[in-house]
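For the numbers below, each heavy atom of this structure counts, side chains included, while hydrogens, waters and symmetry mates do not. Here is the naming used below: chain letters follow the sequence lines, and residue numbers restart at 1 for every chain.
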Amino acid sequence: MDILYLLVPLSVALAFAIGAAFLWSVRSGQFDDLEGPAHRILDDDDRQRETADRDQAH
Amino acid sequence: MTTDSPTLQRVRAHAASCYHCGLPVPAGARHRVVIGGRARDMCCAGCAAVAGAIVGSGLESYYEKRDRFPESPREALPDIVGDPRVFDNPEVQAGFVAEPAEHEREAALILEGITCPACIWLNESHLCRQPGVKAVHINYATRRATVRWDARLTSLSAILASIRAIGYRAHPYDACALEAAQKRESRGLLARLAIAALAMMQVMMYAVPAYIASAGSMPSDVSSLMRWASLVLTVPVVFYSASGFFSAAWRDLRARRLGMDVPVAAAIAVAFLASVRSTLAGAGEVYFDSLTMFVFLLLGARYLELRARQKAAAYLEALARAAPAVANRLLNFPLCLNFETVGAGSLVAGDHVLVRPGETFPADGRIEQGDTETDESLLTGESRPVRKHEGDSVVGGAVNRAHPVVVRVERVGEQTILSAIVRLTERAAHARPRLQEIADRVAVRFTAGVLATALAAGLWWLLHDARQAAPVVIAVLVVTCPCALALATPMALAVATSEMARRGLLVTRGHALEVLARADCFVLDKTGTLTVGHPVLQNVRLLRGSREEALMLAGALERSSEHPLARAICAVARDAPAATQLRSAPGHGVEGVVAGRRLRVGNARFVAELAGDSTGVPAPEAGEQSVWLGDEEGPIAAFGFSDALRPDAAAFVQRVRSLGARVFLLSGDAQSSVRATARTVGIDEWKAAQSPQDKQAFVKALQAEGATVAMVGDGVNDAPVLAQAQVSIALMSGAALAQGAADMVLLSGRLLDLAQGMQYARRTLRIVRQNLGWAMAYNVVAIPLAVTGSVTPWIAGIGMAGSSMLVVLNALRLARPGRKHPLLAFGD
């Protein structure tokens, strides 16, 4: 049971870390647009990739 | 090579369709652009230019990414939007451009024409490659772009032009304070809610072992450790998440009121202090789990309510955005058509402006030259274009759809219909519904009772079993939490109000919904209410003089009148001179002097009075409205008008009747025409030739019999009777004054929407009653249980939450079925 003395405080610290991270993300506006980034991540603009695609197609 | 989504491929399978926009390529068109190594057919020069610009800036892969066609650039020809260079003017920029650093500018833009995520990508990448552009961010949900640029290297007009080059339209967006405040509010609440949720979950983890452990099976140091951990996690909940409840309770107490937040704050404080004491002492009960859950559930309910409220405000935002930033002022009309582009705010009444197709009318005015079609869908919910001819009035905020027109500005800024609607909506957003005031008053007494009960129960238990005192007090405070009571009404009203605005019925005063639901008498005006309100001159019956002279004299008198019949005369009498000594007798007519002759225009009696006798006034023909013109020698001519009935007038009357309400028709028009209208739409009780005072007296008499009167009207002379009725509904086409006096504005102009609104209001009231009934019944059962100590605080918390959730979900039933739920749809 001694491990609880480590785990319980650790879980508290973790909860605080998560809370702080969430607060930061709310403040920096990450919850204002929930759709855009999901699309944007697929759209990384990479010309080399395009060339590679074209090469493959040939 | 490029690969298309199946939809696009299907369209492509049809031989000649434009590679860019998907429209058929006209025979003989010779527009080709090389995309993906192949020459592609384009339907027009516009598409070719856009596609060329896209390929030219190396963004060819747009064609792979997209899953929908863009709008055809033919609808967005670059030159119809006007000279963008005006946006470089610091004065014009003042509203929407910020200066985050030296030489740096940041503007909020609205992007139009975005159909799929690929459009966002295309715009962002394209803009990023423009010289001088530092950062671009486009919000997918709101179609709003934030662009930051170096003022030394580029200009806003160049940025707008580059967006236009790839086929989209961008215009500056005046980020109003309203939106910023909303964002802050919902962000703050979201953060509080999330912190409470996080703490609740974690505290529950520590609490569960204590609940399931049999007595003595958990070492006391472990249980103490759990308590300390819970305490540490609860501190942010109490001091951050719940801080709103404390400050609200403090505000209430200082104002010597008892609000809903007082028992909430008391419950949180008592639970927290008792738990801290137990933790420090290492013995006794702790309520951290109940406490965090309680705060989380309360905040959750408030967040839902906030979203419902902001949904309703989104409409207002769209309206506020409708007014354009710039206008084309004609310098020397009618001599020439040269114009300068000025900020819309600097227009004054009497200016002539050129409004080209695709542009928005900058102010209310009258078309001086040209015929066109306008789109007023944002203002009225009417999606069909409205035909406008020379002499017709146009509303600022409407969009010119067909041809360029010259408009003489009549009302600007605050006086326009658009800003009247914005003001009314704002007023509605701030008004406190009477139903809610009643609920609040009940809740105050209820709150006082709860506090007294908790205190008495606490004292009693302190004397008999001191260990039970704290849990009983907390259980009483939590279980009775009046939030179900407090949520019952506002939730239902918020959902109902926004739902109704979407259907074209704007609620501008708090009590309107409730009274509309209870209304048992509908009093209708005729002109503009049952009829379309655009009478046209049908015939002129001359007693003496010529037709042209009669029209000219009548036009001179009626030129400044807002009355629809006056408008109809002026539409025919184009170049009437100005009359002097104008005096208007509301409900009767206008008197004035034209070229030395004293004249009157109005109803038969009013005109005959000028000559001193009422002989020689022939009766008007059945079913026709008429206006007389006369001088001191007697009547000169009678003008006959006809006004089409609204297509849904009869259906509306029938519907309202079937809902158990009586329908009356009161009109200032002559007997015969009112009788004909009443017969057509099926109204048995009608009165003709009513002055505004008569109408008001009639409504007063109805009210004396105990009736709840809903007045549907339009026009300036309806203002007194609109104010007299318990609930008044003005039609959008009515004069601004009438709308100011009205509790509701029927923006759509469809009477059936009003009948539907009434049914909807009844449903809302029913749901509010169910909610209040439930909240009461729940408390009647729960309070005795809590007082006797048979409810632990955490069961109390769940009971409270269950009852609040039931109330919220019940209110959400008011949202339109079969749609994505408005509260669950984030963003848009």
Side-chain angles (χ1 to χ4, degrees), chain A, chain B residues 1-3 36-37 58-62 64-65 116-122 124-125 128-129 137-142 144 183 186-199 201-203 205-206 209 218-219 221-222 225-226 228-233 236-237 240-241 826-828:
Chain A
M1 293 288 258
D2 288 348
I3 190 68
L4 284 179
Y5 288 98
L6 175 65
L7 290 182
V8 169
L10 207 61
S11 66
V12 172
L14 196 64
F16 270 91
I18 295 170
F22 183 78
L23 277 190
W24 170 79
S25 65
V26 169
R27 297 251 158 91
S28 60
Q30 297 194 19
F31 285 84
D32 293 352
D33 178 12
L34 297 174
E35 268 182 89
H39 294 297
R40 207 164 287 128
I41 195 166
L42 299 172
D43 288 340
D44 74 334
D45 179 19
D46 197 338
R47 280 194 224 195
Q48 272 134 25
R49 190 184 55 102
E50 281 170 40
T51 349
D53 284 352
R54 212 167 289 149
D55 292 344
Q56 252 171 13
H58 281 291
Chain B
M1 70 154 274
T2 57
T3 45
L59 296 171
E60 240 169 274
S61 62
Y62 161 73
E64 295 170 40
K65 292 175 202 282
C116 69
C119 300
I120 306 258
W121 171 85
L122 177 63
E124 279 191 354
S125 335
C128 278
R129 286 172 196 197
H137 182 84
I138 300 172
N139 187 323
Y140 184 80
T142 59
R144 212 161 288 159
K183 197 180 250 176
S186 75
R187 270 188 193 179
L189 200 51
L190 184 64
R192 281 161 210 273
L193 179 66
I195 295 298
L198 192 67
M201 288 189 288
Q202 201 53 39
V203 169
M205 303 274 282
Y206 303 137
M218 193 148 105
D221 52 352
V222 169
L225 178 70
M226 301 282 203
W228 275 101
S230 303
L231 171 62
V232 171
L233 282 173
V237 174
Y240 176 69
S241 295
F826 279 83
D828 67 307

Task: Contact residues of residues 3-10 of chain A (partner chain B; heavy-atom separation under 4.5 angstrom) - done: A/Leu4, A/Tyr5, A/Val8
TODO: With a 4.5 angstrom heavy-atom cut-off, could you sort out which part of B/Leu198 is near chain A: side chain, backbone, both or neither?
DONE: side chain
Open item on the list: Give me the atom names and distance for the closest heavy-atom approach of B/Val237 to B/Leu233.
Closed with: CG2-O, 3.8 Å
TODO: Identify the heavy atoms of A/Val12 and B/Tyr206 that sit nearest to each other, and give their distance.
DONE: CG2-OH, 3.4 Å
Open item on the list: Within the 4.5 Å heavy-atom criterion, are B/Ser125 and B/Tyr62 side-chain neighbours or not?
Closed with: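 No, their side chains stay 4.5 Å or more apart.
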TODO: Check whether any side-chain heavy atom of B/Met205 lies under 4.5 Å from a side-chain heavy atom of A/Ser11, and answer yes or no.
DONE: no
Please table the atom pairs, donor to acceptor, closer than 3.5 Å between any side-chain atom in residues 187-197 of chain B and protein atoms at least two apart or in another chain.
from	atom 1	to	atom 2	distance (Å)
B/Arg187	NE	A/Asp32	OD2	3.4
B/Arg187	NH1	A/Arg27	O	3.1
B/Arg187	NH2	A/Asp32	OD2	2.5
B/Arg192	NH1	B/Tyr240	O	2.9
B/Arg192	NH1	B/Ser243	OG	2.7

